[in-house]
Asks: 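Got a structure for you, questions after.
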Amino acid sequence: MAATLVKAGLFAVQISSLPLRGQLPRCFFSSSTTVAAVSRSLRVSAVNNHHRRSSWPRVTTFCTAAPDAVSTVSADEPEKKIESEEVEENVKETANLLDIRVGRIVKAWQHEEADSLYVEEVDIGEAEPRIICSGLVKYVPLDLLQGASVVVLANLKPRNMRGVKSCGMLLCASDSAHENVEPLVPPQGSVPGDRVWFGNEEEDLEQLPEPAPPNKVQKKKMWEAVQPLLKTDDSGVSMLKEHLMRTSSGLVTSNTLKNANIS
């Protein structure tokens, strides 16, 4: 009987959860006394085993990493860098599908139905000046717009602004609080209709893609993808990330706003 109890103690963990009869060898049940003893031994062993398991320290697996996992992360870094460069290049390509041109304001006046809007006739090198509405009343005196050289986003779909169809947008720099806003300035020597692009001076203007049609610009949300990445640097030069905004005559700038947003 002692030997039977020892066996029961050794196998308590494996059989403690099983029904006693029908699962143990017949030799364990040679007498009713043996059965009772084995049953008590199993219950005690199961309780003790439960307490021992509950006292084991819990292992927090997310705090450690296998050596091969570390090497995998470092191996992925070049791929992430390549992906980042590809995304950046794609944004540049998208930006160069925008029809951004040098313009000159021929005439500007207050919108008759909107206190915050000016209406401008802007020469961008086409047969007729574009009509463009700009919300610059709070920021720029009207007389400073007359005859001013500006930068125009020309391949947007026309918008009806309080009864006036606006066919483009003046690009402006603004501080983070949007308390100061001023139109971007094309470089000296630029003329209305000159193409504005993003890239190096060495890049051939003739290799730029044709501007996307307004429907595609709207459908693909091209302006929405590019605009958050447009800034002026600490010298006032306009940039798309590190790509300079330029014409064949030089760089597009802001007169006074440094490290500003462009919209």
Asks: Is there a chain of hydrophobic side chains (I, L, V, M, F, W, Y, each step under 4.5 Å between heavy atoms) that links M239 to V252?
Replies: no
Asks: Heavy atoms, side chains only, cut-off 4.5 Å: are F198 and L230 in contact?
Replies: yes
Asks: Any chance you could measure K258, atom NZ, to T232, atom OG1, to the nearest 0.5 Å?
Replies: 7.5 Å
Asks: Do V217 and L97 come within less than 4.5 Å of each other through their side chains, counting heavy atoms only?
Replies: no
Asks: Enter the distance from L244:CG to W197:CH2 here, rounded to the nearest 0.5 Å.
Replies: 11.0 Å
Asks: Counting only heavy atoms not in Q110 (residues, nucleotides, ligands), do more than 12 fall under 6.0 Å from its CD?
Replies: yes
Asks: I'd like to know if the side chain of Q218 reaches the main chain of L156, judged simply by a donor and an acceptor atom lying under 3.5 Å from each other, with no hydrogens or angles considered.
Replies: no
Asks: Is I262 close to Q227 at the side-chain level, that is, under 4.5 Å between some pair of heavy atoms?
Replies: no
Asks: Give every residue pair that meets the salt bridge (charged side-chain N to carboxylate O under 4.0 Å, His left out) criterion with at least one member in residues 159-188, sequence neighbours excluded.
Replies: none
Asks: With distance as the sole criterion, is a donor-acceptor pair present between the side chains of T247 and S190 under 3.5 Å?
Replies: yes
Asks: Take K241 and V91, measure what side-chain contact (heavy atoms from CB on, under 4.5 Å) needs, and give me the verdict at the end.
Replies: CA-CA 10 Å; K241 302 195 77 171; V91 169; 5.7 Å; no
Asks: According to a 4.5 Å side-chain heavy-atom criterion applied to Ile, Leu, Val, Met, Phe, Trp and Tyr, with indirect links allowed, do L257 and L184 form part of one hydrophobic cluster?
Replies: no
Asks: Using modelled atom types and a 3.5 Å cut-off, is there a donor and acceptor pairing between side-chain atoms of R101 and backbone atoms of G193?
Replies: yes
Asks: What's the separation between atom CZ in R195 and atom CZ in R246, rounded to the nearest 0.5 Å?
Replies: 14.0 Å
Asks: Do N261 and K231 come within less than 4.5 Å of each other through their side chains, counting heavy atoms only?
Replies: yes
Asks: Which ILVMFWY residues can you reach from I105 by hopping between side chains whose heavy atoms are under 4.5 Å apart?
Replies: Y118, V122, I124, I132, L136, V137, Y139, V140, L142, L144, L145, V150, V152, L170, V181
Asks: Group every Ile, Leu, Val, Met, Phe, Trp and Tyr by side-chain heavy-atom contacts under 4.5 Å, then state whether V226 and L229 land in the same group.
Replies: yes
Asks: Are the side chain of N155 and the backbone N or O of P213 linked by a donor-acceptor pair below 3.5 Å?
Replies: no
Asks: May I ask whether M245 and L240 are part of the same hydrophobic cluster, defined by side-chain heavy atoms of I, L, V, M, F, W, Y residues being less than 4.5 angstrom apart, directly or through others?
Replies: yes
Asks: Of the non-hydrogen atoms in G163 and N160, which two are nearest, and what is the gap between them?
Replies: N-OD1, 2.9 Å
Asks: Are any side-chain N or O atoms of D194 and backbone N or O atoms of V191, one a donor and one an acceptor, separated by less than 3.5 Å?
Replies: yes
Asks: From L171 CG over to S263 OG, what is the distance, rounded to the nearest 0.5 angstrom?
Replies: 8.0 Å
Asks: So which atom in H111 and which in C133 form the shortest heavy-atom distance, rounded to 0.1 Å?
Replies: CD2-SG, 4.2 Å
Asks: Please check this pair: side chain of R130 against backbone of C167, looking for a donor-acceptor N/O pair closer than 3.5 Å.
Replies: yes
Asks: Does any part of the side chain of V102, heavy atoms only, come nearer than 4.5 Å to the side chain of V196, both counted from C-beta?
Replies: yes
